[in-house]
Amino acid sequence: MNQIKQFQSLLLNWYDEYGRKDLPWQVEDSYLVWISEIMLQQTQVSKVIDYFNAFIAKFPSMKALAQAEVHDVLSLWSGLGYYNRARNIHKTAQICTQKYKAQLPIDLKQLMALPGIGKTTAGAILSLASNLPFAILDGNVKRVMSRVYKVNDRKVSQYSKKLWLLAEQNMSQQRPKNYNQGLMDLGSQVCVRSKPLCNECPLTVLCQAYQTNETELYPPKQTKIKQIAVTLTTLLSVQDNKILLRQRKNTGIWAGLWFLPELNNKNELIKAKKQHGDELFSLRHVLSHRILTINVIKPAHEIALTDTDKWVAIKQLSKYAHPSALVKILDAYQKGLI
DNA sequence: AATGCGGGGAT
DNA sequence: ATCCCAGCATT
(Lines give C-alpha, C1' and ligand atoms only; values in the text may rest on other atoms or scores of the structure.)
Protein backbone atom coordinates (compact mmCIF):
# COMPACT_ATOMS: atom_id res chain seq x y z
CA MET A 1 0.00 0.00 0.00
CA ASN A 2 1.44 3.37 -0.95
CA GLN A 3 1.86 6.16 1.56
CA ILE A 4 -1.10 8.21 0.46
CA LYS A 5 -3.48 5.29 0.67
CA GLN A 6 -2.07 4.42 4.04
CA PHE A 7 -2.49 7.99 5.27
CA GLN A 8 -6.13 8.02 4.15
CA SER A 9 -6.88 4.62 5.56
CA LEU A 10 -5.39 5.35 8.98
CA LEU A 11 -7.08 8.74 9.18
CA LEU A 12 -10.51 7.57 8.03
CA ASN A 13 -10.51 4.58 10.36
CA TRP A 14 -9.64 6.88 13.22
CA TYR A 15 -12.38 9.30 12.16
CA ASP A 16 -14.96 6.51 12.08
CA GLU A 17 -14.23 5.70 15.68
CA TYR A 18 -13.33 9.04 17.26
CA GLY A 19 -14.31 11.87 14.94
CA ARG A 20 -17.05 14.41 15.65
CA LYS A 21 -20.34 13.71 13.97
CA ASP A 22 -22.83 15.68 16.05
CA LEU A 23 -21.97 19.35 15.58
CA PRO A 24 -25.04 21.41 14.67
CA TRP A 25 -23.61 22.29 11.25
CA GLN A 26 -22.72 18.74 10.24
CA VAL A 27 -25.60 18.49 7.81
CA GLU A 28 -25.92 18.28 4.05
CA ASP A 29 -26.98 21.88 3.76
CA SER A 30 -24.49 24.25 2.21
CA TYR A 31 -26.20 27.28 3.75
CA LEU A 32 -25.65 25.99 7.26
CA VAL A 33 -22.15 24.77 6.51
CA TRP A 34 -21.31 28.16 5.06
CA ILE A 35 -22.60 30.13 8.07
CA SER A 36 -20.66 27.87 10.41
CA GLU A 37 -17.46 28.16 8.37
CA ILE A 38 -17.58 31.93 8.44
CA MET A 39 -18.15 31.96 12.18
CA LEU A 40 -15.37 29.45 12.69
CA GLN A 41 -12.77 31.64 11.01
CA GLN A 42 -10.23 32.31 13.75
CA THR A 43 -12.88 31.43 16.29
CA GLN A 44 -13.11 28.33 18.45
CA VAL A 45 -15.84 25.73 18.07
CA SER A 46 -17.06 26.09 21.64
CA LYS A 47 -17.56 29.81 21.17
CA VAL A 48 -19.41 29.42 17.86
CA ILE A 49 -22.13 26.96 18.84
CA ASP A 50 -24.45 29.42 20.59
CA TYR A 51 -23.94 32.11 17.97
CA PHE A 52 -24.64 29.63 15.21
CA ASN A 53 -27.90 28.43 16.76
CA ALA A 54 -29.12 31.96 17.37
CA PHE A 55 -28.19 32.96 13.84
CA ILE A 56 -30.01 30.19 12.02
CA ALA A 57 -33.04 30.63 14.25
CA LYS A 58 -33.25 34.24 13.06
CA PHE A 59 -32.11 33.63 9.49
CA PRO A 60 -33.05 30.04 8.61
CA SER A 61 -32.48 30.40 4.89
CA MET A 62 -30.43 32.23 2.31
CA LYS A 63 -33.46 34.28 1.31
CA ALA A 64 -34.24 35.31 4.87
CA LEU A 65 -30.66 36.46 5.28
CA ALA A 66 -30.62 38.32 1.99
CA GLN A 67 -33.74 40.24 2.92
CA ALA A 68 -32.45 41.26 6.35
CA GLU A 69 -31.04 44.64 7.25
CA VAL A 70 -27.29 44.42 7.55
CA HIS A 71 -27.44 45.84 11.04
CA ASP A 72 -29.68 43.00 12.18
CA VAL A 73 -27.06 40.59 10.89
CA LEU A 74 -24.35 42.51 12.71
CA SER A 75 -26.27 42.52 15.97
CA LEU A 76 -26.21 38.72 16.01
CA TRP A 77 -22.45 39.01 15.69
CA SER A 78 -22.02 41.14 18.84
CA GLY A 79 -19.10 39.78 20.83
CA LEU A 80 -17.93 37.38 18.14
CA GLY A 81 -15.34 39.72 16.62
CA TYR A 82 -14.11 40.30 13.07
CA TYR A 83 -17.34 42.07 12.23
CA ASN A 84 -16.62 42.31 8.52
CA ARG A 85 -17.51 38.63 8.46
CA ALA A 86 -21.11 39.62 9.16
CA ARG A 87 -21.16 42.27 6.46
CA ASN A 88 -19.68 39.84 3.97
CA ILE A 89 -22.12 37.10 4.87
CA HIS A 90 -24.96 39.50 4.16
CA LYS A 91 -23.47 40.66 0.86
CA THR A 92 -22.89 37.10 -0.24
CA ALA A 93 -26.48 36.14 0.59
CA GLN A 94 -27.70 38.96 -1.62
CA ILE A 95 -25.39 38.02 -4.46
CA CYS A 96 -26.43 34.36 -4.29
CA THR A 97 -30.08 35.32 -4.22
CA GLN A 98 -29.61 37.40 -7.35
CA LYS A 99 -27.19 35.27 -9.32
CA TYR A 100 -27.59 31.71 -8.09
CA LYS A 101 -31.27 31.23 -7.22
CA ALA A 102 -30.59 31.62 -3.50
CA GLN A 103 -28.07 28.77 -3.46
CA LEU A 104 -24.34 28.77 -2.97
CA PRO A 105 -22.61 27.80 -6.21
CA ILE A 106 -21.07 24.33 -6.32
CA ASP A 107 -17.85 25.56 -7.86
CA LEU A 108 -14.58 26.48 -6.21
CA LYS A 109 -13.84 29.58 -8.26
CA GLN A 110 -17.36 30.92 -8.02
CA LEU A 111 -17.36 30.38 -4.26
CA MET A 112 -14.01 32.10 -3.83
CA ALA A 113 -15.30 35.10 -5.75
CA LEU A 114 -17.91 35.70 -3.03
CA PRO A 115 -17.15 38.13 -0.19
CA GLY A 116 -15.64 36.45 2.84
CA ILE A 117 -15.02 33.10 1.16
CA GLY A 118 -11.40 32.11 0.59
CA LYS A 119 -9.91 28.82 -0.48
CA THR A 120 -10.35 27.07 2.85
CA THR A 121 -13.95 28.12 3.36
CA ALA A 122 -14.80 27.24 -0.25
CA GLY A 123 -13.16 23.84 0.16
CA ALA A 124 -15.02 23.28 3.40
CA ILE A 125 -18.38 24.10 1.84
CA LEU A 126 -17.80 21.79 -1.12
CA SER A 127 -16.36 18.90 0.87
CA LEU A 128 -18.53 19.04 3.98
CA ALA A 129 -21.88 19.85 2.38
CA SER A 130 -21.48 18.09 -0.97
CA ASN A 131 -18.75 15.51 -0.29
CA LEU A 132 -16.59 16.82 -3.13
CA PRO A 133 -12.80 16.28 -3.05
CA PHE A 134 -11.57 19.78 -2.22
CA ALA A 135 -8.93 20.24 0.45
CA ILE A 136 -8.92 22.75 3.27
CA LEU A 137 -6.03 24.27 5.18
CA ASP A 138 -7.14 25.52 8.54
CA GLY A 139 -5.01 25.67 11.66
CA ASN A 140 -5.67 22.01 12.45
CA VAL A 141 -4.73 20.68 9.04
CA LYS A 142 -1.63 22.86 9.03
CA ARG A 143 -0.48 21.47 12.34
CA VAL A 144 -1.03 17.84 11.36
CA MET A 145 0.67 18.18 7.97
CA SER A 146 3.50 20.25 9.37
CA ARG A 147 4.32 17.46 11.82
CA VAL A 148 3.73 14.44 9.64
CA TYR A 149 5.90 15.84 6.85
CA LYS A 150 8.15 18.12 8.91
CA VAL A 151 7.33 21.29 7.04
CA ASN A 152 8.66 24.40 8.74
CA ASP A 153 9.71 26.88 6.08
CA ARG A 154 10.42 30.29 7.50
CA LYS A 155 8.92 31.89 4.44
CA VAL A 156 5.18 31.89 5.03
CA SER A 157 4.27 31.67 1.36
CA GLN A 158 6.47 28.62 0.86
CA TYR A 159 5.22 27.03 4.05
CA SER A 160 1.60 27.50 3.06
CA LYS A 161 2.17 26.31 -0.49
CA LYS A 162 3.71 23.04 0.68
CA LEU A 163 0.94 22.39 3.17
CA TRP A 164 -1.77 23.00 0.58
CA LEU A 165 -0.10 20.52 -1.73
CA LEU A 166 0.06 17.88 1.01
CA ALA A 167 -3.57 18.42 1.97
CA GLU A 168 -4.57 18.04 -1.68
CA GLN A 169 -2.32 15.08 -2.46
CA ASN A 170 -3.63 13.12 0.49
CA MET A 171 -7.29 13.92 -0.20
CA SER A 172 -9.52 10.86 -0.28
CA GLN A 173 -11.50 10.76 -3.52
CA GLN A 174 -13.92 8.32 -1.93
CA ARG A 175 -14.64 10.13 1.33
CA PRO A 176 -13.73 13.83 1.02
CA LYS A 177 -16.05 14.97 3.78
CA ASN A 178 -14.74 12.50 6.33
CA TYR A 179 -11.15 13.12 5.26
CA ASN A 180 -11.39 16.85 5.95
CA GLN A 181 -13.41 16.42 9.09
CA GLY A 182 -11.00 13.73 10.27
CA LEU A 183 -7.99 15.98 9.77
CA MET A 184 -9.63 18.79 11.71
CA ASP A 185 -10.75 16.49 14.51
CA LEU A 186 -7.34 14.87 14.74
CA GLY A 187 -5.74 18.30 14.91
CA SER A 188 -8.09 19.57 17.59
CA GLN A 189 -8.28 16.44 19.74
CA VAL A 190 -4.95 14.60 19.34
CA CYS A 191 -2.39 16.56 17.35
CA VAL A 192 -2.80 19.58 19.62
CA ARG A 193 -0.35 22.44 19.80
CA SER A 194 1.42 21.65 23.01
CA LYS A 195 1.93 18.12 24.31
CA PRO A 196 0.25 16.29 21.44
CA LEU A 197 -1.27 12.93 22.41
CA CYS A 198 0.92 10.88 20.08
CA ASN A 199 0.10 7.64 21.87
CA GLU A 200 -3.47 8.08 20.64
CA CYS A 201 -2.55 9.13 17.12
CA PRO A 202 -3.21 6.84 14.14
CA LEU A 203 -0.53 8.54 12.04
CA THR A 204 2.58 7.93 14.14
CA VAL A 205 3.86 5.30 11.71
CA LEU A 206 3.97 8.04 9.05
CA CYS A 207 4.73 11.05 11.23
CA GLN A 208 8.25 12.31 10.61
CA ALA A 209 8.24 14.66 13.58
CA TYR A 210 7.15 11.80 15.83
CA GLN A 211 9.85 9.50 14.45
CA THR A 212 12.57 11.96 15.41
CA ASN A 213 10.87 13.05 18.63
CA GLU A 214 10.52 16.63 17.40
CA THR A 215 6.78 17.22 17.53
CA GLU A 216 7.32 20.28 19.70
CA LEU A 217 9.33 21.90 16.90
CA TYR A 218 6.37 21.76 14.53
CA PRO A 219 4.51 23.72 13.40
CA PRO A 220 6.92 26.70 13.46
CA LYS A 221 5.86 29.55 15.70
CA GLN A 222 3.98 32.35 14.02
CA THR A 223 5.78 35.65 13.84
CA LYS A 224 4.06 37.62 16.52
CA ILE A 225 2.41 40.87 15.66
CA LYS A 226 3.28 43.98 17.56
CA GLN A 227 0.42 45.25 19.64
CA ILE A 228 0.10 49.01 19.61
CA ALA A 229 -1.17 50.81 22.69
CA VAL A 230 -4.18 53.01 22.08
CA THR A 231 -6.18 55.10 24.52
CA LEU A 232 -9.86 55.82 24.00
CA THR A 233 -11.67 58.33 26.17
CA THR A 234 -15.40 57.76 26.31
CA LEU A 235 -18.48 59.12 28.00
CA LEU A 236 -20.80 56.91 29.98
CA SER A 237 -24.27 58.35 30.39
CA VAL A 238 -27.00 56.25 31.96
CA GLN A 239 -30.50 57.48 32.74
CA ASP A 240 -33.71 55.59 33.38
CA ASN A 241 -32.04 52.29 32.45
CA LYS A 242 -30.99 53.76 29.16
CA ILE A 243 -27.48 54.24 27.90
CA LEU A 244 -26.22 56.79 25.42
CA LEU A 245 -24.57 55.14 22.44
CA ARG A 246 -22.94 56.42 19.31
CA GLN A 247 -22.35 54.55 16.08
CA ARG A 248 -18.68 54.38 15.23
CA LYS A 249 -17.23 55.42 11.90
CA ASN A 250 -16.87 52.88 9.15
CA THR A 251 -13.14 52.35 9.40
CA GLY A 252 -10.80 51.08 12.08
CA ILE A 253 -11.65 49.32 15.31
CA TRP A 254 -15.26 48.22 15.71
CA ALA A 255 -16.22 49.91 12.45
CA GLY A 256 -19.91 50.74 12.33
CA LEU A 257 -20.67 49.28 15.74
CA TRP A 258 -22.42 51.02 18.62
CA PHE A 259 -20.24 52.11 21.49
CA LEU A 260 -19.91 54.90 24.02
CA PRO A 261 -19.39 58.36 22.51
CA GLU A 262 -15.67 58.90 22.17
CA LEU A 263 -13.83 62.16 22.74
CA ASN A 264 -11.51 62.75 19.84
CA ASN A 265 -11.26 66.48 19.92
CA LYS A 266 -8.37 67.73 22.06
CA ASN A 267 -10.38 70.54 23.57
CA GLU A 268 -13.15 68.23 24.61
CA LEU A 269 -10.60 65.96 26.15
CA ILE A 270 -8.85 68.67 28.13
CA LYS A 271 -12.16 70.03 29.32
CA ALA A 272 -13.25 66.63 30.44
CA LYS A 273 -10.05 66.01 32.31
CA LYS A 274 -10.22 69.34 34.07
CA GLN A 275 -13.74 68.69 35.05
CA HIS A 276 -13.25 65.23 36.38
CA GLY A 277 -9.64 65.28 37.44
CA ASP A 278 -8.34 61.85 38.18
CA GLU A 279 -11.73 60.37 38.62
CA LEU A 280 -11.58 58.49 35.38
CA PHE A 281 -12.39 54.86 35.39
CA SER A 282 -9.85 53.08 33.26
CA LEU A 283 -10.22 49.70 31.70
CA ARG A 284 -7.87 47.54 29.68
CA HIS A 285 -9.13 45.68 26.64
CA VAL A 286 -6.85 43.64 24.42
CA LEU A 287 -7.38 43.03 20.72
CA SER A 288 -5.12 40.95 18.54
CA HIS A 289 -3.33 44.03 17.24
CA ARG A 290 -4.08 46.73 19.80
CA ILE A 291 -3.91 47.14 23.54
CA LEU A 292 -6.72 49.48 24.38
CA THR A 293 -6.91 51.63 27.45
CA ILE A 294 -10.49 52.77 27.66
CA ASN A 295 -11.04 55.77 29.88
CA VAL A 296 -14.62 56.13 31.00
CA ILE A 297 -15.94 59.46 32.16
CA LYS A 298 -19.34 60.02 33.71
CA PRO A 299 -20.19 63.51 32.47
CA ALA A 300 -21.56 65.85 35.10
CA HIS A 301 -24.02 67.49 32.74
CA GLU A 302 -25.49 67.23 29.29
CA ILE A 303 -23.08 66.67 26.44
CA ALA A 304 -23.43 67.74 22.86
CA LEU A 305 -25.06 64.97 20.89
CA THR A 306 -24.41 64.18 17.29
CA ASP A 307 -27.24 63.04 15.09
CA THR A 308 -26.18 59.42 15.38
CA ASP A 309 -26.34 59.33 19.16
CA LYS A 310 -29.09 57.29 20.65
CA TRP A 311 -30.47 56.52 24.07
CA VAL A 312 -30.79 52.75 24.14
CA ALA A 313 -32.63 50.78 26.79
CA ILE A 314 -30.08 48.50 28.38
CA LYS A 315 -32.47 45.60 27.94
CA GLN A 316 -32.55 46.34 24.21
CA LEU A 317 -28.79 46.39 23.85
CA SER A 318 -28.76 43.11 21.92
CA LYS A 319 -30.54 44.85 19.05
CA TYR A 320 -27.51 47.09 18.57
CA ALA A 321 -24.33 45.59 17.19
CA HIS A 322 -21.65 46.25 19.78
CA PRO A 323 -18.23 44.98 20.84
CA SER A 324 -17.73 42.92 23.97
CA ALA A 325 -15.89 45.85 25.54
CA LEU A 326 -19.22 47.64 25.90
CA VAL A 327 -20.61 44.72 27.87
CA LYS A 328 -17.50 44.79 30.04
CA ILE A 329 -17.97 48.47 30.80
CA LEU A 330 -21.65 48.06 31.52
CA ASP A 331 -20.93 45.18 33.87
CA ALA A 332 -18.49 47.33 35.79
CA TYR A 333 -21.06 50.11 35.97
CA GLN A 334 -23.79 47.84 37.25
CA LYS A 335 -21.47 46.48 39.90
CA GLY A 336 -20.89 50.04 41.06
CA LEU A 337 -17.24 50.10 40.01
CA ILE A 338 -17.75 53.13 37.82
C1' DA B 1 4.51 40.00 1.30
C1' DA B 2 2.72 42.34 5.15
C1' DT B 3 -0.96 44.28 7.79
C1' DG B 4 -5.75 45.01 9.78
C1' DC B 5 -9.36 42.90 11.98
C1' DG B 6 -11.99 40.61 18.14
C1' DG B 7 -12.31 38.03 21.50
C1' DG B 8 -11.21 34.40 24.36
C1' DG B 9 -9.50 29.57 25.63
C1' DA B 10 -5.44 26.93 26.98
C1' DT B 11 -1.18 26.74 29.20
C1' DA C 1 2.06 36.59 29.78
C1' DT C 2 2.15 33.97 25.42
C1' DC C 3 0.24 31.45 21.75
C1' DC C 4 -3.21 30.65 18.54
C1' DC C 5 -8.00 29.47 17.04
C1' DA C 6 -12.52 25.51 10.92
C1' DG C 7 -9.01 33.00 7.65
C1' DC C 8 -9.96 36.72 4.53
C1' DA C 9 -9.44 41.25 2.43
C1' DT C 10 -6.72 45.01 1.59
C1' DT C 11 -2.49 47.34 1.07
Side-chain angles (χ1 to χ4, degrees), chain A residues 19-20 23-26 32-52 74 77-89 91-92 111-125 127-129 134-144 146 153-161 163-164 167 177 180-189 192-196 216 219-228 230 248 250-257 259 284-292 321-328:
Chain A
R20 300 192 70 166
L23 292 165
W25 47 83
Q26 288 184 305
L32 300 184
V33 171
W34 167 53
I35 299 298
S36 73
E37 287 303 326
I38 302 299
M39 288 187 172
L40 287 160
Q41 289 170 6
Q42 297 293 286
T43 310
Q44 292 169 348
V45 171
S46 57
K47 172 92 176 173
V48 164
I49 292 177
D50 288 346
Y51 279 88
F52 175 81
L74 270 167
W77 221 264
S78 296
L80 198 56
Y82 288 136
Y83 298 94
N84 266 335
R85 294 186 293 177
R87 300 177 199 282
N88 285 337
I89 233 175
K91 279 184 210 157
T92 288
L111 282 171
M112 288 178 66
L114 294 166
I117 300 184
K119 194 174 179 186
T120 283
T121 300
I125 291 168
S127 62
L128 302 181
F134 291 90
I136 61 178
L137 192 63
D138 71 335
N140 294 306
V141 180
K142 280 183 183 167
R143 193 165 51 252
V144 172
S146 166
D153 300 60
R154 301 295 294 277
K155 215 174 172 182
V156 178
S157 57
Q158 199 61 28
Y159 177 67
S160 177
K161 191 176 173 183
L163 295 180
W164 266 114
K177 173 171 70 173
N180 278 342
Q181 188 67 51
L183 274 180
M184 290 191 286
D185 290 347
L186 188 68
S188 66
Q189 297 172 35
V192 293
R193 183 164 60 83
S194 63
K195 299 181 182 168
E216 293 292 346
K221 288 192 191 303
Q222 300 176 11
T223 55
K224 60 183 171 194
I225 54 176
K226 55 173 186 277
Q227 289 178 299
I228 300 167
V230 173
R248 295 178 64 80
N250 281 326
T251 57
I253 293 169
W254 304 325
L257 270 58
F259 194 61
R284 183 185 148 87
H285 187 81
V286 178
L287 308 181
S288 55
H289 57 306
R290 296 284 186 273
I291 299 175
L292 303 180
H322 58 275
S324 70
L326 180 60
V327 177
K328 216 190 269 186

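Proteins get letters first, then strands, A, B, ... in listed order; numbering begins at 1 in each.
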Could you tell me whether the side chain of A:L186 reaches within less than 4.5 Å of the side chain of A:N140, counting heavy atoms only? no

With sequence neighbours left out, write down each residue that passes ring-ring contact (aromatic ring centres under 6.0 Å, His included) with A:W254, or none if nothing qualifies. A:F259, A:H285

Can you check each nucleotide of nucleotides 5-11 of chain B against protein heavy atoms at under 4.0 Å and return B for base, S for sugar-phosphate only, - for none, in 5' to 3' order? BBBBS-S

Checking all strands, does A:S188 fall into the base, sugar-phosphate, or nothing category for heavy-atom contacts under 4.0 angstrom? nothing

Is there a side-chain contact between A:K142 and A:P219 in this structure, where contact means two heavy atoms from C-beta onward sitting under 4.5 Å apart? no

Those residues that, when tested against A:A122, pass side chain to side chain contact (heavy atoms under 4.5 Å, CB included) (two or more places apart): A:L108, A:L111, A:M112, A:I117

Between C:dC8 and B:dG9, how far is it from one C1' atom to the other, in whole Å? 22 Å

Could you walk me through whether A:N88 and A:R85 satisfy the side chain to side chain donor-acceptor pair (under 3.5 Å) test, starting with their C-alpha distance in whole Å, then the side-chain angles of each, then the deciding distance to 0.1 Å, before giving a yes or no? CA-CA 5 Å; A:N88 285 337; A:R85 294 186 293 177; over 6 Å; no

Under-3.5 Å N/O pairs linking protein and nucleotides 9-11 of chain C:
unit_1 : atom_1 : unit_2 : atom_2 : d
C:dA9  : OP1    : A:G116 : N      : 2.6
C:dA9  : OP1    : A:I117 : N      : 3.4

How close or far is atom C1' of C:dC5 from atom CD of A:Q189, stated in whole angstroms? 15 Å

What contact category does A:Q227 fall into here, base, sugar-phosphate, or nothing, at under 4.0 angstrom with non-hydrogen atoms? nothing

Between A:N140 (CG) and C:dC4 (C1'), how many Å, whole number? 11 Å

Using atom C1' in both nucleotides, what's the gap between B:dG8 and C:dA9 to the nearest angstrom? 23 Å

Decide side-chain contact (heavy atoms from CB on, under 4.5 Å) for A:F52 and A:L23; before the verdict, give the C-alpha distance in whole Å, the side-chain angles of both, and the deciding distance to 0.1 Å. CA-CA 11 Å; A:F52 175 81; A:L23 292 165; over 6 Å; no

How many whole angstroms separate atom CG of A:D138 from atom C1' of C:dC4? 12 Å

Stepwise side-chain contact (heavy atoms from CB on, under 4.5 Å) test for A:M184 and A:R20: CA-CA 9 Å; A:M184 290 191 286; A:R20 300 192 70 166; over 6 Å; no

Have a look at A:W77 and say if it touches a base, only the backbone sugar-phosphate, or nothing, with a 4.0 Å heavy-atom cut-off. nothing

Nearest-Å distance once atom P is located in both C:dA6 and B:dC5: 23 Å

What I'd like to find out is whether the side chain of A:N180 reaches to under 4.5 Å of the side chain of A:F134, using heavy atoms alone. no

Nucleotide C:dA6, atom C1' - distance to NZ of A:K142 in whole Å: 11 Å

Going by the rule side chain to side chain contact (heavy atoms under 4.5 Å, CB included), which residues pair with A:S78 if we only count those two or more places apart in sequence or in a different chain? A:A321, A:H322

note: A:N250, atom CG; B:dG4, atom P; distance rounded to Å ~ 19 Å

Under 4.0 angstrom, heavy atoms only, what part of the nucleic acid is A:Q222 near: base, sugar-phosphate, or nothing? sugar-phosphate

Just the rounded figure in Å: distance from P of C:dA6 to CZ of A:F52. 16 Å

Excluding sequence neighbours, so at least two apart, what forms side chain to side chain contact (heavy atoms under 4.5 Å, CB included) with A:Q44? A:S46

Between A:K155 and A:I228, which residue's closest nucleotide on DNA chain B lies nearer the 5′ terminus? A:K155

Round to the nearest Å and state the distance from A:I38 atom CD1 to C:dC8 atom P. 8 Å

Name the nucleic acid region contacted by A:R87, choosing base, sugar-phosphate or nothing; use a 4.0 angstrom heavy-atom cut-off, strictly under. nothing

Distance, rounded to the nearest Å, where A:K226 contributes NZ and C:dA1 contributes C1': 20 Å

